[in-house]
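Below is one structure; the comments refer to it alone.
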There are 2 protein chains.
Amino acid sequence: MTEKSSASGGTGLPASIEAAWGLRDRPVKGPKPGLTLDRIVAAAVAVAASEGLAAVSMGRVAKELGVSTMALYRYVSAKEELYLLMQEAAMGAPEPLPALEDGAGWREALGQWAWAQRRVFHRNLWALRIPIAGPPASPHSIAWWEQGLQALEGSGLDEGDKISVVLFVGGFVRNEALLMSDLAAAVEAKGLAPQEVMSQWERTVERLTDPVRHPALSRLLASGVMNEPDQPDHEFVFGLERVLDGVEALIRKGASS
Amino acid sequence: MTEKSSASGGTGLPASIEAAWGLRDRPVKGPKPGLTLDRIVAAAVAVAASEGLAAVSMGRVAKELGVSTMALYRYVSAKEELYLLMQEAAMGAPEPLPALEDGAGWREALGQWAWAQRRVFHRNLWALRIPIAGPPASPHSIAWWEQGLQALEGSGLDEGDKISVVLFVGGFVRNEALLMSDLAAAVEAKGLAPQEVMSQWERTVERLTDPVRHPALSRLLASGVMNEPDQPDHEFVFGLERVLDGVEALIRKGASS
DNA sequence: ACAGTAACGCGTACAGCATACGCAGAAGGG
DNA sequence: CCCTTCTGCGTATGCTGTACGCGTTACTGT
């Protein structure tokens, strides 16, 4: 019951995802399809890139392609499936890492991996807004995981720890990018300059903060740290260093056992 | 231009948020309001808790209160504002940390802080789905920040590093909770047992993975690690340990300089 | 060559959404 | 007692995703 398509390998994946893997025989009976999944996804991505994910509606994408809204449902079973394909397209295949000398350099490799992922996210901020709908099962996501695992090849960690580290680092990168994207969107929504929003926010917190009930915050504000315009990468660089230090501590512990 | 309310302290905050801070004079002219912000937020939270954030619509909340949809707009200027108030209600005031002996124990304190935050998120999974709309400016968010900063009091870090650490740890907790919530939702949407979904996913990846193009992944799958049913907290415990180790490395470095 | 059939594009319809606008009536101040 | 102000709400607009069914096309088996 609830059987999926017959041509599928029984993967349980949505039909269009199987198509993305290259499985799936093109039906040969009816009229030739006037569209392709690729064209649809490309149009959707274009809309998302220029007007944000919220602007991506089935009707909007269809208009972009010069077809009716309902035509899209011959290629995609639901909007969520389109989202998945968009995410896959945005992610792209990871550029091959510069080969690491075996046994050493996991830190460099993992750092490179994190930076590469961050670059992808920043190039496609809209993709971060797509809710995660399950464990990754698309070619590019899998390729990214593969690369993360490879970066840890010479680390001496066991397989369970390796995948946990990949999850951990990937989560950090994603979260940081999402946070920055949300803040940027909020700033843009207010229609003010970023610095102006920041200083207004600081004044607000200052007014709302009670030095007695919030001693640590008051100290923070008094220190003037929030005024210094730091480079936009600051929090990422800081966090990544902490993340890699944390992984290093684990590896050293494992090596000593 | 775009002047906000007159009674406000010029904080630039939405009207209802100022009400949450206790500022704001109740107008005295017209008929007595039949609702309260608190009642509205409570109803919205109840809907979100039992049917998910997606079920929270203005009409639904109004029905819950026995009023018309548009009545709510006398209390809240837009749905986004309601979201903010819901988030604030869900977050709650942080329970006071067990007093830490001065100068030591930052790790214990920060760990406690992270666990407490995680407990709150898990009690209100819907709250994670609310998009972040700017830097925190609500009483409870501020209180959580304050507590995070206090945990680092004896660490010897400077103020800039302290706030970065708080951001870093808070981000980790939030991201982990969100990921777990998304996965749980995806599993539930499939209508299968969690273990069944997991094993189906593993079989799928196995089929899609090419041992030549994905050597590390193949090794992972062959190791059988993915089959062991690990306790649900595993990734959080693992990640938190890495996070705290990373912070510890920073503190040690700072202490040596 | 022709019937059968499967897939295509799409028109229509429906339920739900956020919210702009304006009006009737209630409550208090002058 | 009037007049200002604020409440609740009915109506309306323009979106959204998508279920359903119809006409048409292109191929397969006879």
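Chain letters run A, B, ... following the sequence lines, proteins first and then strands; every chain starts at 1.
With sequence neighbours left out, the salt bridge (Lys or Arg N to Asp or Glu O under 4.0 Å) criterion links B:Glu95 to B:Arg119. The side chain to side chain donor-acceptor pair (under 3.5 Å) check on A:Ser164 picks up B:Glu235, with sequence neighbours excluded. Partners of A:Glu196 by salt bridge (Lys or Arg N to Asp or Glu O under 4.0 Å), not counting sequence neighbours: none found. With sequence neighbours left out, the ring-ring contact (aromatic ring centres under 6.0 Å, His included) criterion links A:Phe168 to B:Phe172. Partners of B:Tyr75 by ring-ring contact (aromatic ring centres under 6.0 Å, His included), not counting sequence neighbours: none found.
Residue pairs meeting the salt bridge (Lys or Arg N to Asp or Glu O under 4.0 Å) criterion with at least one partner in residues 133-148 of chain B, sequence neighbours excluded, are absent. For the side chain to side chain donor-acceptor pair (under 3.5 Å) condition, the pairs that include at least one residue of residues 125-139 of chain B, sequence neighbours left out, are B:Glu88-B:Ser138, B:Arg129-B:Ser181, B:Arg129-B:Asp182, B:Ser138-B:Ser141. For the side chain to side chain donor-acceptor pair (under 3.5 Å) condition, the pairs that include at least one residue of residues 42-58 of chain A, sequence neighbours left out, are A:Glu51-A:Arg60.
We find that CD of A:Glu80 is positioned 13 Å from P of D:dG17, with the value rounded to whole Å. For the pair A:Leu72 CG and C:dG11 P, the interatomic distance rounds to 13 Å; values are reported in whole Å. As rounded to whole Å, 11 Å separates atom P of D:dT7 from atom CD1 of B:Ile40.
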| message | One character per nucleotide, please: for nucleotides 21-30 of chain C, 5' to 3', B when the base has a protein heavy atom closer than 4.0 Å, S when only the sugar-phosphate does, - otherwise. | response | BB--BBBSS-
Within the sub-3.5 Å range, which N or O atoms of nucleotides 15-18 of chain C have a protein N or O partner, and how far apart are they?
residue, atom, partner, partner atom, Å
C:dC17, OP1, B:Ser57, OG, 2.9
C:dA18, OP1, B:Met58, N, 3.4
C:dA18, OP1, B:Lys79, NZ, 3.0
C:dA18, OP2, B:Met58, N, 3.0

Extract all donor-acceptor atom pairs below 3.5 Å that involve side chains of residues 34-45 of chain B and protein atoms in other chains or at least two apart in sequence.
none

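Each of B:Ala71 and A:Ser77 was matched to the nucleotide of DNA chain D holding its nearest heavy atom; the match closer to the 5' end belongs to B:Ala71.
In this structure, the side chains of B:Leu65 and B:Leu72 come closer than 4.5 Å at one or more pairs of heavy atoms.
DNA chain D is contacted by no residue of residues 125-133 of chain A, taking any non-hydrogen atom closer than 4.0 Å.
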